[in-house]
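My structure is below; once you've seen it, I'll send some questions.
What you see is a predicted model, and the numbers here were worked out from it, not measured in a lab. This chain uses plain numbering: 1 for the first residue, then up along the sequence.
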Amino acid sequence: QVQLVESGGGLVQAGGSLRLSCAASGRTFSNYYMGWFRQAPGKEREFVAAISAIGSNIYYADSVKGRSTISKDNAKNTLYLQMNELKPEETAVYYCAAKTGPIRYYDSRVYDYWGQGTQVTVSS
């Protein structure tokens, strides 16, 4: 079992920045592929970014590429998502998730563990 707890969400103006954190406990954090997903009201959960177990491979959704940075500190058992130049349409609940292996890192259905989510609201 892996327990995940997100933090860092909040209200920010359009163009602003936020840094989300995801603290992990339980099994060895460094063994897991990690992802960030988001879900807006009435919409499906969508992929934001993913990082491999040792941080050597990183992937971003086209919508956030160039504005967001995912990172993983295995010593601190923490995953991060730095988001810059935020847009109102990025208002959503942001979730971190963990899985073993890289297959379909963009597909929320293959992730085994999820946090409870943190709300990000971007005002225009």
Side-chain angles (χ1 to χ4, degrees):
Q1 284 278 12
V2 175
Q3 293 78 42
L4 302 172
V5 179
E6 301 96 334
S7 62
L11 175 64
V12 63
Q13 289 188 331
S17 299
L18 279 176
R19 188 193 197 201
L20 306 183
S21 299
C22 173
S25 60
R27 293 192 175 181
T28 307
F29 181 67
S30 58
N31 290 343
Y32 288 88
Y33 233 84
M34 302 295 297
W36 284 101
F37 291 79
R38 64 190 179 192
Q39 188 166 19
K43 295 188 176 181
E44 292 187 355
R45 192 166 297 189
E46 66 171 351
F47 169 73
V48 177
I51 187 168
S52 62
I54 59 172
S56 55
N57 296 310
I58 289 175
Y59 308 93
Y60 295 101
D62 288 343
S63 59
V64 304
K65 198 174 295 183
R67 298 186 295 114
S68 296
T69 303
I70 187 172
S71 59
K72 189 174 188 265
D73 188 334
N74 287 332
K76 296 182 177 180
N77 288 353
T78 304
L79 175 73
Y80 302 99
L81 181 68
Q82 175 70 41
M83 300 187 294
N84 302 320
E85 300 175 37
L86 283 160
K87 305 174 183 180
E89 55 264 38
E90 296 184 290
T91 294
V93 177
Y94 283 69
Y95 299 91
C96 67
K99 65 186 294 292
T100 54
I103 304 300
R104 289 159 54 199
Y105 58 85
Y106 50 84
D107 188 344
S108 63
R109 297 170 296 178
V110 303
Y111 282 78
D112 302 305
Y113 304 102
W114 291 85
Q116 83 290 346
T118 185
Q119 176 71 46
V120 171
T121 303
V122 185
S123 63
S124 57

Point to revise | Stepwise side-chain contact (heavy atoms from CB on, under 4.5 Å) check, Met83 with Val120 | key: CA-CA 11 Å; Met83 300 187 294; Val120 171; 4.2 Å; yes
Check your understanding: Who pairs with Glu46 by side-chain contact (heavy atoms from CB on, under 4.5 Å), at least two apart in sequence or on another chain?
Key ->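 By the side-chain contact (heavy atoms from CB on, under 4.5 Å) rule, Glu46 matches Arg38.
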Review point. What pair of heavy atoms forms the shortest contact from Ser52 to Ser56, and how long is it?
Key: OG-N, 3.0 Å
Review point. Would a distance-only check, ignoring hydrogens and angles, find a side-chain to backbone donor-acceptor pair under 3.5 Å from Lys99 to Ser108?
Key: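 No; judged by distance alone, with no hydrogens or angles, the pair does not exist.
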Practice item. Look at the side chain of Trp36 and the backbone N and O of Leu20, then say whether any donor-acceptor pair between them is shorter than 3.5 Å. Key: no
Check your understanding: According to a 4.5 Å side-chain heavy-atom criterion applied to Ile, Leu, Val, Met, Phe, Trp and Tyr, with indirect links allowed, do Val48 and Ile58 form part of one hydrophobic cluster?
Key -> yes
Review point. Would you say Tyr113 and Tyr94 are hydrophobically clustered, going by side-chain heavy atoms of ILVMFWY under 4.5 Å?
Key: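 Yes, Tyr113 connects to Tyr94 through the hydrophobic network.
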Check your understanding: Between Thr91 and Val122, is there a donor-acceptor pair closer than 3.5 Å when you use the side chain of the first and the backbone of the second?
Key -> yes
Point to revise | Thr118 side-chain N/O to Gly9 backbone N/O, donor-acceptor pair under 3.5 Å | key: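 Answer holds: yes.
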Exercise for review: Determine, using ring centers only, whether Tyr111 and Tyr105 are less than 6.0 Å apart.
Suggested key: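 Centroid distance Tyr105-Tyr111: not below 6.0 Å, so no.
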Review point. Will you find, in the side chains of Asn84 and Ser17, an N or O donor that is under 3.5 Å from an N or O acceptor?
Key: yes
Practice item. Under the side-chain contact (heavy atoms from CB on, under 4.5 Å) rule, what do Tyr33 and Ile51 come out as? Steps first, then yes or no, please. Key: CA-CA 6 Å; Tyr33 233 84; Ile51 187 168; over 6 Å; no
Practice item. Using atom types as modelled and distance alone, determine if a side-chain donor or acceptor of Glu85 lies under 3.5 Å from a backbone N or O of Arg67. Key: no
Point to revise | Pairs touching residues 111-124 that satisfy salt bridge (Lys or Arg N to Asp or Glu O under 4.0 Å), sequence neighbours left out | key: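 Non-adjacent pairs meeting salt bridge (Lys or Arg N to Asp or Glu O under 4.0 Å): zero.
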Review point. If every non-hydrogen atom of Lys72 is compared with every non-hydrogen atom of Phe29, which pair is closest and at what distance?
Key: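 The answer is NZ-O, 3.2 Å.
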Exercise for review: Search all heavy atoms of Leu4 against all heavy atoms of Met34 and return the closest pair with its distance.
Suggested key: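 Of all heavy-atom pairs spanning Leu4 and Met34, the closest is CD2-CE, 4.0 Å.
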Practice item. Check Ala24 against Val2 and note the closest heavy-atom contact, atom names and distance. Key: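 Shortest heavy-atom separation between Ala24 and Val2 comes out as CB-CG1, 4.4 Å.
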Exercise for review: Check the pair Leu81 / Ser68 against side-chain contact (heavy atoms from CB on, under 4.5 Å), numbers first and verdict last.
Suggested key: CA-CA 7 Å; Leu81 181 68; Ser68 296; 4.3 Å; yes
Point to revise | Output field: ring centroids Phe37/Phe47 closer than 6.0 Å | key: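 Between Phe47 and Phe37, which both carry aromatic rings, the centre distance is below 6.0 Å.
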Point to revise | Interatomic distance, Gln3 atom CD to Gln116 atom CD [nearest 0.5 angstrom] | key: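 Those atoms lie 12.0 Å apart.
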Check your understanding: Is there a donor-acceptor pair under 3.5 Å between the side chain of Thr121 and the backbone N or O of Leu11?
Key ->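 No, the answer is negative, given that no donor and acceptor are paired below the 3.5 Å cut-off.
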Practice item. Identify the two heavy atoms, one from Cys96 and one from Leu79, that lie closest to each other, and give their separation to 0.1 Å. Key: CB-CD2, 3.9 Å
Practice item. Tell me, please, which residues at least two apart from Lys65 pass side-chain contact (heavy atoms from CB on, under 4.5 Å). Key: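 Expected list: Tyr60, Asp62.
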Check your understanding: If two hydrophobic side chains count as joined below 4.5 Å and joins carry through other members, does Tyr32 share a cluster with Val110?
Key -> no
Practice item. Identify the heavy atoms of Ala14 and Ser124 that sit nearest to each other, and give their distance. Key: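 Looks like CB-CA, 4.4 Å.
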Practice item. Take Arg45 and Val93 through the test side-chain contact (heavy atoms from CB on, under 4.5 Å) and record every step on the way to the result. Key: CA-CA 9 Å; Arg45 192 166 297 189; Val93 177; over 6 Å; no
**Study point:** Donor-acceptor contact below 3.5 Å, side chain Glu6 vs main chain Ser21
**Key:** no
Review point. Is the count of non-hydrogen atoms from other residues, nucleotides or ligands lying under 6.0 Å from Ile54 atom CD1 greater than 12?
Key: no
